[in-house]
Amino acid sequence: MSFICRFAPSPTGPLHIGGVRTALFNWLLAKKNKGKFYLRIEDTDKERSKEEFKKQIIDSLTWIGINHDGEEYIQSKNIKKHKEIASELLKKGYAYKCYCSEEEIKKQKEKCKKQGIPYTYNRKWRDPKDLKVPTNIKPVVRFKSKITGESKIKDLVQGEVNITNSIIEDFVILRQDGSPTYQLSAVVDDHEMKITHVIRGDDHKINTFKQKQIYEAMKWDIPEFAHIPLIHSDKGSKLSKRDMASTIGDYIKKGILADALRNYLLRLGWAYKDKEIFTLEESINLFDLKGVGKSPSKLDLTRILSINEYYIKNIDEKQLFDLLKRFAEKFRTKIDSSKEKSVLESISFLKNKAKTLDDIYCNSEYIIKDNIEILAEDKKLLDSNSKKIISEFLEKFNKIDNPNRENIEKIINDLIKKYNTNFKGVGQPLRIALVGSRFGPGIYNIILSLTKNEVVKRISKIN
RNA sequence: GGUCCCAUCGUCUAACGGUUAGGACAGAUGGUUUUCAAUCAUCUAAUCGGGGUUCGAUUCCCCGUGGGACCGCCA
């Protein structure tokens, strides 16, 4: 059985993480079934569609590793076809022209609101026998929706869903200016693209009942449908553009890895036994619509961070370094080529304390930057005694030709003995002098990750 | 308000109608360490309520309750 699916966002705003997940599910299924995954930009709303959003959508998908087959399909390029289908529906009696003015509709809505009854278009022009066609109003074209009976869809996630036909109004398929609406365009395009599986957010469920009627009127094959539950914000409602960290860009900025986010999104609303970490290959092999739950799930940043931490600790270190390099250049300060070697060599301990690339960057800052600033509260910890200790350290350190773990350890141990202190008594002031903070990597790691000159320079500055 | 959907630890979720209801994240406690972190061990924590069906319901059915989505000449 062939499997052709698509992701069809509208470029009227930045793609958020819910959309990315929908795209991911589609893509995974296409890969699993050796089918096709297309990207369709639904830009028939000329007013709100923006080129920059189209770019953002494609960039987001690319970043997380979702690549579509063929060129992206631009819906507005197919408007002519959509209109043809509209006139065919008109000709066959499945649609009709409605001459209600916008004011007339508005008045009806207000009236319904006052009476507390739900508004549906009153189908005034469905049977225009006794009506005089006004000459001053351009009509819209409405689809002649079923009035009686029930409709059923077999949803691959939700199971059977039934509705009473009469609640579906005669929806507009051609606007007053003759342009097609989403309901029409989506169906025509899905048909032309030979889409076999429509996997989209739960918020489209009602649309399916409208669109199904167009398929039936055109005697076209109806694709399978799957409506996946929406992602909710921590407040429990549909994710909106206002919610924090909801676009891919927000996560990139935080230093989240693509694989980590992919893994998180995969597990949001779907599970495979007790498995938590999925390689790309595993997700393709194991993903299945049957495993998708029916209830919406909340976005949980701590979980994302935790998965990110896992990936940071487990991916190849050279690869991690490259990611860090690009991250630093884009969002922080470019790592000077003279420092690259040292950062790369130190990454195994720099990453240890990190949940994000930004954390690694912060941990690396003492290597990356030539001038470190000591925090005021840490400066206080440098009393005369500790200053004395580190200047003595400096003196001895200077005499070493090739600093290594053993000879540094000896110096420190001697100092501990001499000053009758513990490791902290020596290590803490050294760390403050070298890193600018009492928090940081292990002291041997710090010293060995800097050049001898740099160590000397930083300690000398203290006194 | 109408229509539809959903309901297991705080969160993501597992459990052919038979499990001491499992795992992960978060949280708590303790050990270790050179600070922070990490790590290891342990612990806390859930089947929304009420009726059925059944020898037996988290699981099937009904009714409540709660949450959500949709109700555009947006997509």
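Convention: sequence-line order gives letters A, B, ...; per-chain numbering from 1.
- Within 4.0 Å (heavy atoms only), A/Q176 reaches at least one base atom of the nucleic acid.
- In this structure B/rG1 sits in a base pair with B/rC71, meeting the Watson-Crick or G-U test at under 3.5 Å.
- A ring pair (Phe, Tyr, Trp, His ring centres under 6.0 Å) with A/F278 holds for exactly one of A/W270, A/F287, A/Y311; it is A/W270.
- Using a 4.0 Å heavy-atom criterion, one finds that A/G269 contacts the sugar-phosphate atoms exclusively.
- In this entry B/rC25 has B/rG10 as its Watson-Crick or G-U wobble partner, both defining distances falling under 3.5 Å.
- If you measure from atom NZ of A/K353 to atom C1' of B/rU33, you get 11 Å, rounded to the nearest angstrom.
- Partner assigned to B/rG18 is B/rC55, using Watson-Crick or G-U wobble distances below 3.5 angstrom.
- Note: A/F37 and A/F7 fail the aromatic proximity criterion, with ring centroids not under 6.0 Å apart.
- Contact annotation: A/K294 side-chain N/O to B/rC6 OP1/OP2 distance is under 4.0 Å.
- Classification of the A/F143-A/F171 ring pair by plane angle, with boundaries at 30° and 60°, yields parallel.
- When heavy atoms are screened at a 4.0 angstrom cut-off, A/S437 is found touching no nucleic acid atom at all.
- Toward the 5' end of RNA chain B, the nearer of the two residues A/Q428 and A/D45, judged by each one's closest nucleotide, is A/Q428.
- Residue contacts for A/H227: at a heavy-atom cut-off of 4.0 Å it reaches no nucleic acid atom on any strand shown.
- Atom-to-atom, NZ of A/K424 to P of B/rU35 comes out at 7 Å; the value is rounded to the nearest Å.
- Applying the 3.5 Å distance criterion, the base of B/rU13 shares no donor-acceptor pair with the side chain of A/R267.
- The side chain of A/E309 sits closest to B/rA38 out of B/rA69, B/rC5, B/rA38.
- Within the nucleic acid shown, A/E276 comes within 4.0 Å of at least one base atom, counting heavy atoms only.
- Regarding A/Y182, its OH atom lies at a distance of 15 Å from the P atom of B/rC73, rounded to whole Å.
- For A/F25 and A/H197, the gap between ring centers reaches or exceeds 6.0 Å.
- Residue A/F171 is out of contact with every strand shown, counting any heavy-atom pair closer than 4.0 Å.
- Using a 4.0 Å heavy-atom distance criterion, A/E102 is classed as a base contact.
- A sub-4.0 Å separation between OP1 or OP2 of B/rG68 and a side-chain N or O of A/S295 is absent.
- In this structure a side-chain-to-backbone donor-acceptor pair under 3.5 Å is missing from A/E72 to A/L39.
- Counting non-hydrogen atoms under 4.0 angstrom, A/S306 reaches the backbone sugars and phosphates but no base.
- Across all strands shown, A/P229 has no heavy atoms under 4.0 Å from either base or sugar-phosphate atoms.
- Here B/rC36 presents its P atom at 18 Å from OH of A/Y366, a figure rounded to the nearest Å.
- Judged by closest nucleotide on RNA chain B, A/R303 is the one of A/R303 and A/G236 placed further toward the 5' end.
- Close to B/rC70, at under 4.0 Å from its OP1 or OP2, lies a side-chain N or O of A/K238.
- Base contact: A/V140 has a heavy atom under 4.0 Å from a base atom.
- B/rC70 atom C1' lies 12 Å from atom CD of A/E169, rounded to whole Å.
- As judged by a 4.0 angstrom heavy-atom cut-off over every strand, A/L268 is placed among residues touching the sugar-phosphate backbone only.
- Residue A/S297 places at least one side-chain N or O under 4.0 Å from the OP1 or OP2 atom of B/rU13.
- Side-chain atoms of A/N363 stay outside donor-acceptor range of the base of B/rA37, with no qualifying N/O pair under 3.5 Å.
- Taking the six-membered ring for Trp, A/W125 and A/Y99 have ring centres closer than 6.0 Å.
- A cation-pi geometry, defined here as NZ or CZ lying under 6.0 Å from the six-membered ring centre and within 45° of its normal, holds between A/R142 and A/Y121.
- Residue A/I231 contributes atom CD1, which lies 17 Å from atom C1' of B/rG67 at whole-angstrom precision.
- Taking atom CD1 of A/I167 as the reference point, atom P of B/rG1 lies 17 Å away to the nearest angstrom.
- At the heavy-atom level, A/K313 lies under 4.0 Å from the strands shown only through sugar-phosphate atoms.
- Distance, A/R200 CZ to B/rA69 C1': 14 Å, rounded to whole Å.
- The base-pairing partner of B/rU34, taking Watson-Crick or G-U wobble contacts with both distances under 3.5 Å, does not exist among the strands shown.
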